[in-house]
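Contents: one structure, followed by commentary.
Counting starts at 1 for both ligands and their atoms, following the listed order. Hydrogens, waters and symmetry mates play no part in the numbers below; they use all other heavy atoms, side chains included.
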Amino acid sequence: MEFKYVPTTCPYCGTGCGFNLVVKDKKVVGVQPWHRNPVNEGKLCPKGNYAHEFVNAPDRLTKPLIKKDGKFVEASWDEAYKLIAENFKKYQGEQSACLASARVSNEENYLMQKFARAVMKTPNIDHCARLCHASTVVGLAGAFGSGAMTQSIADIAESKCILIIGSNTFEQHPLIGRRVMQAKAKGAKIIYADPRLTATGKQADLYLPFYSGTDVALLNCFMQLILKNGWENKEFIAKRTKDFEKVKEIVMKDTYSPANVAKITGVPEKDIITAAEWFGKSGQSAILYSMGITQHTTGVDNVKSIANLQMLTGNLGRPGTGICALRGQNNVQGACDMGALANVYSGYQSVIVPEMKKKMEDAWGCQIAEGKVGLTVTKLINALADEPGKVKCVYIMGENPMLSDPDLHHVEKGMKNIEFLVVQDIFLTETAQFANVVLPAACYAEKDGTQTSTERRVQRWRKAQDPPGEAKPDWQIFCELAKYMGFEKQFPYKSPEDVFNEIAKVTPSYGGMSYARLEKPEALHWPCPTADHPGTPILHKEKFAHPDGLGIFTPIEWKPPAEVPDKEYPLILTTGRCIWQWHTGTMTRRSPDLEREEPTGWVEINPEDAKALGIKDKERVKAITRRGSIEIGARVTANIRKGEVFMPFHYVECAANILTNNALDPTAAIPEFKACAIRLEKIAGAK
Ligand SMILES: Nc1nc2c(c(=O)[nH]1)N[C@H]1C(S)=C(S)[C@@H](COP(=O)(O)OP(=O)(O)OC[C@H]3O[C@@H](n4cnc5c(=O)[nH]c(N)nc54)[C@H](O)[C@@H]3O)O[C@H]1N2
Ligand SMILES: Nc1nc2c(c(=O)[nH]1)N[C@H]1C(S)=C(S)[C@@H](COP(=O)(O)OP(=O)(O)OC[C@H]3O[C@@H](n4cnc5c(=O)[nH]c(N)nc54)[C@H](O)[C@@H]3O)O[C@H]1N2
Ligand code: SF4
Ligand SMILES: [Mo]
C-alpha cells in the first residue's frame with residue numbers, strides 16, 4: 001500500500017510543532033514525526049500525535065445549511081451565497097460585525113479583515129485574541145513598542161532562572177515545556193507561581209502557591225527585594241529605559257514588603273525572598289507567562305509589571321532572558337499580525353492614523369470602513385445583548401463564543417438578538433445552532449497556507465487531502481462571496497500564495513517573506529522586512545521598538561479582581577484547560593484517543609474546603625455564581641490552594657462559562673476568566 005507523507009504544522013497550540021500527515025488512498029490516516037523541524041525535533045504532545053483523528057469525523061460539515069422554519073436544510077453554494085449577499089448588502093456598515101479566527105491561516109484572516117473593512121465597510125472586526133493575549137498586545141507594546149514574545153522557543157533552554165507565572169506550560173505548551181526541562185538539566189532554577197500545583201509546578205525547584213489575582217503584589221515585592229539588595233541592572237536602566245523612578249517609588253512602599261505581600265498572596269515570606277534572590281542574581285532570567293497573567297480586569301497591569309521586572313534586571317535582548325508570552329492558539333499570533341483586531345490593519349498599523357487608512361485604500365482599490373476602532377469581541381457581545389439593534393448582522397468564522405465567552409446566559413441573549421448570522425466552521429457548533437446560514441469549511445489538513453507561532457515563526461500548512469463533500473477552504477469562500485457582493489476585483493486570488501504576496505506588500509514585518517523562502521523547515525521569524533533579511537528570533541537586542549528606542553517603565557499598584565469572595569460566594573473560581581482537550585472540544589472531543597482520557601469536566605477543590613462542605617471526591621456538586629449554576633463532579637486534591645477552586649471550560653454539559661464574570665480590563669477589554677466568586681453546594685443524596 002502506498003503511503004504519502006505531507007509535512008505540515010500542528011493545528012492546535014501556538015508552539016508551532018511540525019509533523020507529517022500520513023495519507024493513504026487520498027485520505028489522512030495518521031501523524032508521523034518530522035525530525036528535521038527545529039521547533040520540536042520530531043517530538044509531539046498527545047494533541048499533535050492525534051491531530052488526524054477529527055479530520056475525517058463522520059459529522060464534518062459537508063454542505064451549506066440554510067435555516068428554514070427553525071430547521072437547517074441543505075443548500076447549494078449558489079443559494080447560500082445569494083442569501084448571504086442579499087442580507088450583507090442590507091446591513092453594510094456598522095450594523096454588521098465579523099469575527100475572524102485564531103484557528104485558520106494568515107491568508108484567511110487577512111481576507112476576513114479585508115472583507116470586513118473593504119466589502120462590509122465595518123470597523124467591527126476582532127477575534128478570540130481578545131479573550132486571550134489582548135493584555136499582552138497592549139501591555140508589551142506600551143513598554144517596548146512591540147506586543148510579541150521577545151525570544152525564540154529554543155532560547156528558553158539557555159536560561160539560568162525561569163519564572164513561570166500563570167502558565168501551565170507542560171500541559172498547554174508541552175513542547176515549550178521541553179525547553180524548560182533542557183534549561184533545568186543544565187542547572188537553571190525553575191520558579192513556579194500559580195494557585196495550582198500543576199504538572200508544570202511539580203517540575204519546579206520552588207513553588208509559590210498564591211491566590212488568583214494577586215500577581216502585581218507579588219511582582220512588586222520581587223522588585224522591592226531586588227532594589228533593596230542592589231541586584232538591579234543599573235546600566236540597562238540608565239541606557240535603555242525611562243521612567244524608572246516612578247516605578248521605584250511605588251514598589252518601595254510598605255504595601256509591597258515581603259511580610260505584607262505574604263498576607264495578600266498567601267505565599268510564605270521566606271519563599272518570596274528566595275524567589276527574588278534566584279531571579280535577581282542569575283544574570284540570565286526569563287519569564288514565561290500565559291492566561292494566569294492576562295485574563296484579568298488588571299491584565300494590562302500584570303503584563304506591564306512583568307515588563308518592569310525584566311527592565312529592572314536587564315533581562316531583555318540577550319539569549320536566555322526575555323518575556324515569553326506564550327500565545328495560545330496555533331495562529332493567534334498570525335490573526336493579530338493580519339489585522340483581525342478592532343484597532344489595527346495588518347502589521348499593527350493603526351486604523352485611526354489617516355495615512356494607514358489611505359495606504360490600505362490604495363492597495364485594495366476601494367473605499368474602506370471609517371478609520372475608527374471597531375467593537376471588540378467582548379464589546380460586541382455586550383452590544384448584542386444589551387443594545388439590541390445596534391449590530392444586526394454577524395459573520396463568524398472558526399469561533400465558538402457560545403461556549404468560550406464569559407457569562408453564557410448573557411452571550412445567548414446576544415445571539416438571539418442577531419437578525420442575520422453566518423457561521424463558517426468545520427463542525428455544527430453550539431454557536432452555529434443560532435445561525436441563519438452555516439458554511440462548511442476545509443480544515444488545516446485540506447488547504448495550503450501559513451500560520452505564525454508564538455515565537456513569530458511563520459510556517460507552512462500543506463494540503464494532504466480534499467475537503468469532505470462540498471466543504472471549501474475559508475480563503476476560497478471569501479473570494480467567491482466577494483464576487484456575489486460585487487467585489488471580485490478586490491479578491492482576485494487563485495491560491496493562498498497570491499494572498500500571501502499581497503500580505504507581504506502591505507505588512508512591513510512580513511515584507512521579505514515568500515512561500516519560496518518559507519519552504520525550508522526552519523521557516524522565518526518576523527520582523528523580516530526585506531527579501532535578503534534573515535528574520536529576527538530575538539527582539540530588542542540593541543533598542544526597543546519605540547521611536548526613541550527606550551523601554552518605558554509604568555508604575556503599577558495592585559488592585560483586587562472585580563469580584564472577590566464574600567459570605568454568599570466564599571470561594572475563588574479560576575478556570576482553564578487540561579492537556580487532552582482543546583477549548584470548546586469541537587476537535588478533541590471528536591478524537592477518540594483524547595476524549596477517552598478526560599471525557600467530562602470537574603471542579604478541583606482543596607481537601608480542607610471539601611471537608612468543611614462535606615464534599616467527597618467524585619461526588620456531584622452544584623456550583624453557583626451570580627451569573628448561573630451548573631452541576632459537576634468534585635475532584636478533591638491538595639494540588640489546589642485552600643480557598644480556591646478550578647474548572648476546565650471544555651465541556652458543554654458542565655460549561656464553566658455559565659459561571660464566569662464578563663468584567664473587562666479597561667484598556668484591553670479582556671474578561672476576568674481567572675477569578676470570580678463562587679459557592680459550592682452539596683446536592684442532597686448525590687454520590
Ligand atoms: N491542551 C490544551 N493546550 C492549550 C489550549 C487548550 O485548550 N488545551 N489552549 C491554548 C490557548 S488558546 C491558550 S491561551 C493557552 C493557555 O495556556 P495557560 O495559560 O498555560 O493555561 P490555563 O489553564 O488557561 O491557565 C494557566 C494557569 O494559570 C493559573 N492561574 C489561575 N489564576 C491565576 C492568577 O490569578 N494568576 C496566575 N499567575 N496564575 C493563575 C491556572 O491555575 C493555570 O495553571 O493554552 C494553549 N494550549
Ligand atoms: N472560562 C474560560 N473561558 C475561556 C478561556 C479560559 O481560560 N477560561 N480562554 C479563552 C481563550 S484564551 C481562548 S483562545 C478562547 C478560544 O475560544 P474559541 O476560539 O471560540 O474556541 P475554539 O473551540 O478553539 O473554537 C474554534 C472553532 O474553529 C473551528 N475551526 C477549526 N479549524 C477551522 C478552519 O480551518 N476553518 C474554520 N472556518 N473553522 C475552523 C472549530 O471547529 C471551532 O468551532 O476561549 C476563551 N475562553
Ligand atoms: S505542543 Fe502544541 S504545537 Fe506541539 S504538538 Fe502539542 S499541541 Fe501541537
Ligand atoms: Mo487563547
May I ask you to decide if Cys10's main-chain N or O and Gln451's side chain share a donor-acceptor pair within less than 3.5 Å? yes
Please state which protein non-hydrogen atom is closest to atom 33 (C) of ligand 1 and give its distance, to 0.1 Å? Ser212 OG, 3.4 Å
Decide whether the shortest distance between a heavy atom of Glu108 and an atom of ligand 2 is less than 4.0 Å. no
For the residue pair Trp34 and Phe19, is the inter-centroid distance of their aromatic rings smaller than 6.0 Å? no
Interfacing atoms of ligand 2 (cut-off 4.0 Å, heavy-atom, Thr586): 41 (C), 42 (O), 43 (C), 44 (O)
Chi angles and distances behind the side chain to side chain donor-acceptor pair (under 3.5 Å) call for Asn302, Ser305: CA-CA 5 Å; Asn302 292 352; Ser305 293; 5.7 Å; no
Atoms in ligand 1 with a heavy atom of Tyr192 nearer than 4.0 Å: 44 (O)
If I apply the N/O under 3.5 Å rule, does Thr660 come out as touching ligand 2? no
Part of Arg327 with heavy atoms under 4.0 Å of ligand 1, whether side chain, backbone, both or neither: neither
So which protein heavy atom does atom 25 (O) of ligand 1 come closest to, and at what separation? Lys674 CE, 3.4 Å
Does this structure show an ion pair linking Glu41 with Arg178, if we count only N-O contacts that are shorter than 4.0 Å? yes
Report, in ascending order of atom number, the atoms of ligand 2 lying under 4.0 Å from any heavy atom of Val104. 34 (C), 35 (O), 36 (N), 37 (C)
What protein heavy atom sits nearest atom 11 (C) of ligand 1, and how far away is it? Gly328 CA, 3.2 Å
closest protein heavy atom to atom 14 (S) of ligand 1 is Cys132 SG, 3.1 Å
Please say whether the positively charged group of Lys472, taken as NZ for Lys or CZ for Arg, lies over the ring of Trp77, i.e. under 6.0 angstrom from the six-membered ring centre and within 45 degrees of the axis. yes
More than 12 heavy atoms of other residues, nucleotides or ligands under 6.0 Å from CZ of Arg626: yes or no? yes
If you count the atoms of ligand 2 from 1 in the order shown, which ones are under 4.0 Å from a heavy atom of Asn657? 1 (N), 2 (C), 3 (N)
Between Lys447 and Glu108, is the closest basic N to carboxylate O distance under 4.0 Å? yes
Would you say ligand 1 has an N or O under 3.5 Å from any N or O of Tyr211? no
Any N or O on Asn168 sitting closer than 3.5 Å to an N or O of ligand 1? yes
Restricting to non-hydrogen atoms, name the atom on Ala340 and the atom on Ala100 that form the minimum distance, rounded to 0.1 Å. CB-CB, 3.6 Å
Around atom 34 (C) of ligand 1, find the nearest protein heavy atom and jot down its residue, atom name and distance. Gly292 O, 3.3 Å
Do any nitrogen or oxygen atoms of Arg196 come within less than 3.5 Å of a nitrogen or oxygen of ligand 1? yes
Per-atom contacts of ligand 2 with Ala441, taking only distances under 4.0 Å to non-hydrogen atoms: 36 (N), 37 (C), 38 (N)
What protein heavy atom lies closest to atom 16 (C) of ligand 2? Include the residue and the distance to one decimal. His583 ND1, 3.4 Å
Evaluating non-hydrogen atoms only, which member of Ala199, Ala129, Gly166 is closest to atom 26 (C) of ligand 1? Gly166
Students should be able to answer this: which protein heavy-atom is nearest to atom 9 (N) of ligand 1, and at what distance? Arg577 NE, 2.8 Å
Ligand 2 to Trp582, heavy atom cutoff 4.0 Å, flagged ligand atoms 24 (O)
Donor-acceptor check, side chain of Asn331 to backbone of Thr452, threshold 3.5 angstrom: yes or no? yes
How does Gln581 reach ligand 1, by side chain, by backbone, by both or by neither, if only non-hydrogen atoms under 4.0 Å count? backbone
Considering distance alone, does some N or O of Ser101 sit under 3.5 Å from an N or O of ligand 2? no
Any heavy atom of Ala442 sitting closer than 4.0 Å to ligand 2? yes
Closest to atom 45 (O) of ligand 1 (judged by heavy-atom distance), picking from Gln172, Glu672, Arg641: Gln172
Between Gly213 and ligand 1, is there a nitrogen or oxygen pair with a distance under 3.5 Å? yes
Pick whichever of Asn639, Asp194, Thr298, Thr584 has a heavy atom sitting closest to atom 42 (O) of ligand 1. Asp194
Atom indices of ligand 2, in the order listed, that fall short of 4.0 Å to a heavy atom of Met291: 12 (S)
Cation-pi geometry met for Arg196 and Phe646 (6.0 Å, 45°): yes
Aromatic plane relationship, Phe478 with Phe115 - under 30° parallel, 30 to 60° tilted, over 60° perpendicular: tilted
Between Phe210 and Arg641, is there a cation-pi geometry (under 6.0 Å to ring centre, at most 45° from the normal)? no
Lys/Arg N to Asp/Glu carboxylate O, Asp448 vs Arg462, below 4.0 Å: no
Heavy atoms of Ala442 and Asp474 approach each other most closely as O-OD2, 4.0 Å
Output, in order, the C-alpha distance, side-chain angles, deciding distance and verdict of side chain to side chain contact (heavy atoms under 4.5 Å, CB included) for Phe54 and Asp59. CA-CA 10 Å; Phe54 72 86; Asp59 60 343; over 6 Å; no
What are the protein N/O/S atoms, named by residue and atom, that sit under 2.8 Å from atom 2 (Fe) of ligand 3? Cys13 SG
Got an N/O contact under 3.5 Å between Asp425 and ligand 2? yes
Pick one: which of Ile165, Ile190, Val180 meets side chain to side chain contact (heavy atoms under 4.5 Å, CB included) with Leu288? Val180
Side-chain ion pair, Arg627 and Glu563, N-O less than 4.0 Å: yes
Does ligand 2 have an atom that lies less than 4.0 angstrom from a heavy atom of Met647? no
Under-4.0 Å heavy-atom contact with ligand 1, by part of His133 that carries it: neither
For atom 38 (N) of ligand 1, the closest protein heavy atom turns out to be Asp215 OD2, 2.6 Å
Residues Glu595 and Arg589 bridged, charged N to O under 4.0 Å: yes
What are the atoms of ligand 2, with element, lying closer than 4.0 Å to any heavy atom of Thr429? 44 (O)
Subset of ligand 1 atoms that lie under 4.0 Å from at least one heavy atom of Phe210: 36 (N), 37 (C), 38 (N)
Any N/O of Met587 closer than 3.5 Å to an N/O of ligand 2? no
How does Cys128 reach ligand 1, if at all, at less than 4.0 Å between non-hydrogen atoms: by side chain, backbone, both, or neither? neither
I want to know if ligand 1 touches Ile579 in the polar sense, i.e. an N/O pair below 3.5 angstrom. yes
Taking distance alone, with no angle check, do His296 and ligand 1 share an N/O pair under 3.5 Å? yes
Quick check on contacts: which atoms of ligand 2 are under 4.0 angstrom from a heavy atom of Asp474? 34 (C), 35 (O), 36 (N), 37 (C), 38 (N)
Donor-acceptor contact below 3.5 Å, side chain Arg60 vs main chain Val55: yes
Quick check on Lys642: does its NZ atom have over 12 non-hydrogen neighbours (other residues, nucleotides or ligands) under 6.0 Å away? no
What residue and atom, counting heavy atoms only, is the protein's closest point to atom 31 (C) of ligand 1, and at what distance? Thr574 OG1, 3.0 Å
